[in-house]
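Notes for the one structure printed next.
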Amino acid sequence: MDSTPLHIGYACINLSLQANKITTNRGMVKKTFTEKGIAYASELALKNVRDLLTIVDWNLEHGFQLFRISSDLFPWASEYRIATLPDFAEIRETLEEIGARPIRLTMHPGPFNHLAGQGKVLENTIKDLEYQSDVFDLMGLKPSHWNKINIHAGGTYGDKAATLARFAKNFSLLSENLRARLTVENDDRPSLYTVTDLVSLYEAIGTPIVFDYFHHSLNPGSQTEEEAFLTAYNTWDVRPVFHYSDSRQEYEDPKARREAHADWLYSAVNTYGREVDIVFESKMKELSILRLRGETIEVVPK
DNA sequence: CGCGGTCAAGCTCTG
DNA sequence: CAGAGCTTGACCGCG
């Protein structure tokens, strides 16, 4: 196992900086949004975006050239256009600065996105995904799978094939830039989508498959890890980003649900001699990777 | 200022 | 049949 991922990263939260209140997840409940409106949303978004720049720079200083950014940078983003925010000028400036950094940024919008959905569900999905793509546009990033916007296929509605066909049909409703960025990931439960299930989607609309090692182990379908890895690998037109985490049940708590991710990382990643970037989805975030490297870092507020 | 109840969205599974 | 969990806990009112 001599092949090291070229870029490694983690998802959304930097625990070292969060200890000093540097975070990109500021939001508000519905009541507050109703009371304070987009002025407050703008204020929170600007703070989130500024802290994202700090996190990106921390990452570069610590050898992380890949980072999944939060999909909650802009609270209640579905209710306004980013360009209408009072702090838009500063927000855009900061996003441009982030986009110019030598780091690969990705997104993983939430589980409410169902591109195969209908009516309101589909409407909300398109709105959310387009907003995420707008953020990458504002960063000045050329649309490609290098900066993936990754989602799951969603529910099955009792019929996987028909649902994937609807997903493919609705894909044509998306903007060109979003279509160029969208990827899909294999699911962790046997009722949902395996890598081979997603191949038909790739054949129909060219969306690369994000291989999640842990999900595959829980829902392998008919493929071995190597087969699924290579199947997914071959759907990419740039270096793939794959996801890795260890099982909480296996390594930390026998009573944990089988889908639960471990806090830390335990086993080595086999990339089968291929060049891939890896997002580690361990609960202890960057700390679990630093620990693997034999580095430690104090997480205490300054 | 720290604590705990509460929180947009959709689907699936668990208890 | 209500609630947890998902990708990632965080907000906010109360004492």
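By convention in this document, chain letters (A, B, ...) are assigned in the order of the sequence lines, proteins followed by strands, and residues within each chain are numbered from 1. Reckoned from all heavy atoms, side chains included, excluding hydrogens, waters and symmetry mates.
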Report task. Name the nucleic acid region contacted by A:K120, choosing base, sugar-phosphate or nothing; use a 4.0 angstrom heavy-atom cut-off, strictly under. Result -> nothing

Report task. Ignoring backbone atoms, test whether A:T156 places a side-chain nitrogen or oxygen under 4.0 Å from the OP1 or OP2 oxygen of B:dT12. Result -> yes

Query raised in the report: Of all the nucleotides listed (C:dT8, B:dG10, C:dC12), which has the minimum atom distance to the side chain of A:Y157?
Result: B:dG10

Report summary line: Between A:A11 and A:M28, whichever has its closest DNA chain C nucleotide further toward 5' is A:A11

Query raised in the report: Side-chain N or O of A:Q18 less than 4.0 angstrom from OP1 or OP2 on C:dA10?
Result: yes

**Report entry** salt bridge (charged side-chain N to carboxylate O under 4.0 Å, His left out) between A:R179 and A:E176, worked out
**Finding:** CA-CA 5 Å; A:R179 278 184 279 135; A:E176 187 179 351; 5.4 Å; no

Query raised in the report: With a 4.0 Å cut-off on heavy atoms, is A:E185 in touch with a base, just the backbone sugar-phosphate, or nothing at all?
Result: nothing

Query raised in the report: What integer distance in Å separates A:E35:CD from C:dC11:P?
Result: 16 Å

Report summary line: Considering only heavy side-chain atoms of A:T23, the closest of B:dA8, C:dA10, C:dC12 is C:dA10

Query raised in the report: Taking everything shown except A:E35 itself, do over 12 heavy atoms lie less than 6.0 Å from its CD?
Result: yes

Query raised in the report: Do we see A:W76 stacking on the base of B:dA8, given a limit of 5.5 Å between centres and 30° between planes?
Result: yes

**Report entry** Integer-rounded Å distance: C:dC11 C1' and A:Y40 OH
**Finding:** 8 Å

Query - Aromatic contact, A:F242 with A:F229 (centres under 6.0 Å) - result: yes

Query - Any-strand Watson-Crick or G-U partner of C:dT8, both distances under 3.5 Å - result: none

Query raised in the report: Counting only Watson-Crick or G-U wobble pairs whose two distances fall under 3.5 Å, which nucleotide matches B:dA9?
Result: none

Query raised in the report: Roughly how far apart, to the nearest Å, are C:dA10 and B:dC11 at atom P?
Result: 26 Å

Query - A:H152 and A:Y193 aromatic centres sub-6.0 Å - result: no

Query raised in the report: Under 4.0 angstrom, heavy atoms only, what part of the nucleic acid is A:G27 near: base, sugar-phosphate, or nothing?
Result: sugar-phosphate

Query raised in the report: With a non-hydrogen cut-off below 4.0 angstrom, is A:N113 in contact with a base, only sugar-phosphate, or nothing?
Result: nothing

Query raised in the report: Rounded to the nearest Å, what distance is computed from the CG atom of residue A:L129 to the P atom of nucleotide B:dA9?
Result: 18 Å

Report summary line: Taking for A:S282 and for A:R189 the nucleotide of DNA chain C with the nearest heavy atom, the one nearer the 5' end belongs to A:R189

**Report entry** Separation of C:dG5 P from A:R248 CZ (nearest whole Å)
**Finding:** 11 Å

Query raised in the report: How would you label the contact of A:F33 with the nucleic acid (heavy atoms, under 4.0 Å): base, sugar-phosphate, or nothing?
Result: nothing

Query raised in the report: In terms of side-chain heavy atoms, does A:D197 have a donor or acceptor partner in A:T194 at a distance below 3.5 Å?
Result: yes

Query - Check: C:dT8 base within 3.5 Å donor-acceptor of A:S71 side chain - result: yes

Query raised in the report: Whole Å only: how far is the CG atom of A:N14 from the P atom of C:dT8?
Result: 15 Å

Report task. Rounded to whole angstrom, note down the C1' distance from C:dG3 over to B:dC7. Result -> 14 Å

Query raised in the report: Do we count A:F112 as stacking onto B:dA9 if the rule is ring centres under 5.5 Å and planes under 30°?
Result: yes

Query raised in the report: For A:L192 and B:dC13, what is the distance between atoms CG and P respectively, to the nearest whole Å?
Result: 6 Å

Requested in this report: Please state whether the phosphate of C:dC6, meaning OP1 or OP2, lies under 4.0 angstrom from any side-chain nitrogen or oxygen of A:R257.
Outcome: yes

Requested in this report: Write down the distance between NZ (A:K31) and P (B:dC7), rounded to a whole number of angstrom.
Outcome: 11 Å

Query raised in the report: Going only through I, L, V, M, F, W and Y residues with side-chain contacts under 4.5 Å, is there a path from A:M107 to A:L95?
Result: yes

Query raised in the report: Can a side chain N or O of A:K283 be found less than 4.0 Å away from OP1 or OP2 on C:dG9?
Result: yes

Query - Ion pair A:K47/A:D87, N-O distance below 4.0 Å - result: no

**Report entry** C1'-based separation of B:dA9 from C:dG5 [nearest Å]
**Finding:** 15 Å

Query - Pairwise P distance for C:dG9 and B:dT12, with rounding to whole Å - result: 23 Å

Query raised in the report: Please give, in whole Å, the distance from C:dC6 C1' to A:I151 CD1?
Result: 14 Å

**Report entry** B:dA9 OP1/OP2 closer than 4.0 Å to side-chain N/O of A:N124
**Finding:** no

**Report entry** Inter-nucleotide P distance (B:dG2, C:dT8), Å rounded
**Finding:** 27 Å

